[in-house]
Amino acid sequence: MKKFLPLTFVLATNTSFADDISALKKEFEQLKTQYEKRIEALENQNTATQNTNQAQTNAFNPSISLILDGRFASYQNPPNQYHIPGFAMGEESGLASEGFAIGESELTASANVDQNFRGQMTASFGNDAGNTTTSIEEAFFETLSLGNGVTIRGGRFKSAVGYLNQQHAHAWDFADAPLVYRALWNSSYTDDGVRVSWVAPTDLFLEIGMEGFSGEHFPSGGNASSGAGAKVLFVNVGGDFDESQSWQAGISRYSASVDQRESATLTDTSSFTGDSDVSGLNAIYKWAPNGNYKERFFKLQTEYFHRDESGDVSLLTSGNKTTYKGTQDGFYLQGIYQFMPQWRTGLRYDALHSNNKGNDLVGSNVLSEADLTGQGINPKCISAMLEWDASEFSRIRLQFNHDQSYPNTDNQVTLQYTMSMGAHGAHTY
Amino acid sequence: MKINLSLIFCLLLLSQQASASTLSVFACEPEWAALATEIGGNTVDVTSATTSMQDPHQIQARPSLIAKMRQADFLICSGAELEVGWLPVLLQKSSNPKTQPGNNGYFMASDFVDMLDKPAKADRSEGDVHMAGNPHVHTSPANMLRVATVLTERLSALSPENKTLYENNHQHLVQSFADAMVKWQPAIQKLKNKKIVVYHHYWVYLEKWLQLQQVATLEPKPGLPPTSNHLSQLVNQMTNDKADLIVYATYNDSKPAEWLAAKTGIPMAAVPATVEDWKADNALLHWYETVINTLAKAIV
């Protein structure tokens with residue numbers, strides 16, 4: 001009521017009649033009663049309006065989204081000659097087609113199944129040498145209501161072995177995967193299995209999880225151990241430094257029994273059988289003034305993986321075989337800056353290192369034919385990108401790679417579009 | 001490892017049970033944090049996911065929020081797809097059954113008010129439109145009181161032993177709003193039928209309440225940043241039919257409003273889009289008062 005008095009006073013002095021004050025007071029008293037009545041009326045309406053809007057929120061069930069991706073790519077070296085010395089790679093880890101080509105179009109449907117489960121499937125349509133390929137990228141269910149922070153997910157899904165690994169390619173900040181993901185994870189590790197994760201009831205975010213996979217998909221192979229060939233353990237922590245800054249860090253451990261994991265080389269196909277263990281570290285830092293991501297933000301992201309493998313490598317055509325002990329590691333560090341709404345730029349540095357040994361080096365050269373000798377090269381790559389995000393749903397990106405991952409340094413230019421239609425996707429951190 | 005984990009688990013379960021007497025409330029926006037505090041008093045432990053300086057459409061589903069959601073007994077948000085870019089991730093990753101849709105702990109304010117701006121068709125060429133209507137329902141005190149009534153019932157159901165307290169707090173809130181309405185009359189009268197240009201299509205409920213006429217937005221389409229082309233069109237529009245005030249939220253970029261104000265001579269006002277300090281006493285009333293007074297003062 002304090003602020004009200006000067007106002008009346010101003011009004012009163014303007015009219016300069018004491019009578020008017022009491023008149024105003026009366027008027028306000030009347031208004032007050034009116035408002036009290038109106039509020040009372042409003043409250044009575046409440047019960048009537050209660051569930052009117054609720055049906056609408058379920059209008060899209062399941063929610064469906066479609067992602068279109070395409071690019072124009074220009075390389076100095078022929079892309080079919082692409083390889084990374086010292087690493088036996090999967091078939092998804094090469095370069096995208098040269099010239100104009102559509103990438104992977106993704107169709108995702110997701111919904112709560114009932115009060116206990118949520119389901120999601122992503123089908124991916126791609127192009128392979130003129131043939132349309134269809135694949136189930138993800139198809140899983142997840143529990144909603146186990147409580148105590150426990151979630152179980154089952155089906156085919158992206159492993160939590162790394163930060164980038166859990167994102168679909170269209171959510172990446174660059175047009176391609178970093179070298180360490182291409183070399184070790186076939187760009188992204190997805191497999192069929194089950195995940196149990198637990199989030200601690202603490203203000204510091206702490207998540208502990210375990211995954212068991214069939215071991216069918218690269219870098220596993222052959223459904224070893226009766227179809228339970230790979231397992232992953234991961235721990236993530238995270239929090240806020242202040243209103244503007246947040247962070248997350250994670251460690252992971254992948255271990256698999258691998259049975260005949262095939263890898264195409266320039267001259268032959270190699271096959272690895274043995275044990276594969278990968279340890280990973282990742283850290284993410286994000287900054288936005290006052291935590292408002294609308295105008296400007298900065299994101300720093302880094303991941304490191306170290307792989308130890310031991311077993312045998314054989315060549316399918318020649319039949320030659322060697323023992324194999326591989327030590328490989330690599331990391332990437334990238335920064336993304338949105339300097340004004342709709343505009344983002346980014347820089348990424350990639351590096352790999354390998355030290356693989358076998359008992360054949362003098363004789364049959366299996367390791368070198370399997371592309372597992374490093375050739376004295378420490379593969380690295382520098383990438384820069386600029387993107388225009390007209391809205392949350394469209395993106396045009398220009399990316400330049402200075403790729404020194406194999407003996408002939410390559411300069412690669414990619415112009416990429418990504419278009420999202422349908423349900424508004426929610427974005428993980 | 002196994003022993004350690006189960007030990008931690010037991011300890012955490014114990015600590016959870018110890019603090020079971022207060023309701024842990026996760027509010028998506030500060031206005032709902034303020035409302036939950038007004039009704040719940042000291043029986044609720046409230047946290048707000050966002051501040052008045054953040055665009056609620058674009059929030060990161062960051063680890064700290066997952067951790068908060070994990071511990072929440074009650075979730076209160078605007079709804080109507082305002083939080084569609086981040087809330088679903090928090091719900092999934094926290095795997096907290098209490099705050100999942102369909103449960104008593106899941107409360108979307110826009111479910112309980114009459115929605116404005118329901119689009120006739122869903123077409124993204126119209127910008128970031130929400131099918132359920134305009135989600136910024138808190139900008140009208142009448143909406144706030146409706147939500148307050150339902151919230152009082154809901155909190156009473158979750159915590160029956162505090163029913164009387166909640167009802168008293170609710171009564172007090174309604175009374176304070178009724179008093180304030182009278183107090184605000186001079187400003188309300190001054191704003192009546194004034195033409196305003198807003199940054200984002202944010203204030204529709206406030207406009208209806210104060211009988212303000214929104215004649216243009218600085219954004220060419222909802223969610224898209226102002227363009228020079230669109231702003232020059234606004235200059236032309238203002239030459240023919242001059243607005244009384246340019247309004248933008250404190251989290252918006254001030255440059256487009258400043259530019260248009262300089263070109264047209266129309267006064268401008270920066271108002272907080274929501275409660276700035278939701279922990280303060282009478283935070284809601286104070287915010288409405290700030291908005292009304294700022295607008296009224298800015299109009300020549």
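Naming: A, B, ... by sequence-line order, numbering from 1 per chain. Note that this is a predicted model, so its numbers are computed, not measured.
- Proximity to chain B (any heavy atom under 4.5 Å) is shown, for A/A288, by neither the backbone nor the side chain.
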Full working for side-chain contact (heavy atoms from CB on, under 4.5 Å) between B/R62 and A/D240:
CA-CA 8 Å; B/R62 36 183 220 282; A/D240 295 340; 3.0 Å; yes
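- Checked by atom type and distance alone, the side chain of B/R70 never pairs as donor or acceptor with a backbone atom of A/F205 at under 3.5 Å.
- Both the backbone and the side chain of B/K93 come within less than 4.5 Å of a heavy atom in chain A.
- Both the backbone and the side chain of A/E243 come within contact range of chain B, each with at least one heavy atom under 4.5 Å from a heavy atom of that chain.
- Atoms OG1 and CG, on B/T99 and A/L144 in that order, are 10.5 Å from each other to the nearest 0.5 Å.
- In this structure A/E211 satisfies the side-chain contact (heavy atoms from CB on, under 4.5 Å) test together with A/F157, A/S159, A/A160, A/R195, A/F213, A/V232, A/F234, sequence neighbours excluded.
- Within a 6.0 Å radius of CE in A/M421, other residues, nucleotides and ligands contribute more than 12 heavy atoms.
- At least one donor-acceptor pair under 3.5 Å links the side chain of B/Q54 to the backbone N or O of A/N290.
- A donor-acceptor pair under 3.5 Å is absent between the side-chain atoms of A/K286 and the main chain of B/Q60, judged by distance alone.
- Residues A/S391 and B/L224 share a closest heavy-atom pair of CB-CD2, 4.1 Å.
- Of all heavy-atom pairs between A/K294 and B/G223, the closest is NZ-O, 3.0 Å.
- The most heavy-atom pairs under 4.5 Å with chain B, out of A/G291, A/P341, A/G238, come from A/G291.
- Of all non-hydrogen atoms in B/V89 and A/A426, the two that sit nearest each other are CG2-CB, 3.5 Å.
- Chosen from A/Q115, A/E142, A/H427, the residue pairing most often with chain B at heavy-atom distances under 4.5 Å is A/H427.
- Between chain A and the residues B/S95, B/S64, B/G79, the largest count of heavy-atom pairs under 4.5 Å involves B/S95.
- Note: A/N112 CG to B/L91 CG = 9.0 Å, rounded to the nearest 0.5 Å.
- Looking at A/S246, only its side chain comes within 4.5 Å of chain B, counting heavy atoms on both sides.
- Neither the backbone nor the side chain of A/I284 has a heavy atom closer than 4.5 Å to any heavy atom of chain B.
- A distance-only check finds no donor-acceptor pair linking the side chain of B/D55 to the backbone of A/N292 [under 3.5 Å].
- Only the side chain of B/R124 comes within contact range of chain A, judged by heavy atoms closer than 4.5 Å.
- Remark: the backbone N or O of A/T202 is paired with a side-chain donor or acceptor of B/Q71 at under 3.5 angstrom.
- Residue A/F297 does not touch chain B at all, counting heavy-atom pairs closer than 4.5 Å.
- Between chain A and the options B/Q92, B/E83, B/K221, the largest number of non-hydrogen pairs under 4.5 Å is found for B/Q92.
- B/S94 touches chain A through its backbone: at least one of N, CA, C or O sits under 4.5 Å from a heavy atom, while the side chain does not.
- Evaluation of the side-chain contact (heavy atoms from CB on, under 4.5 Å) rule for B/D253 yields A/E295, B/Y199, B/K255, B/P256 as partners, not counting sequence neighbours.
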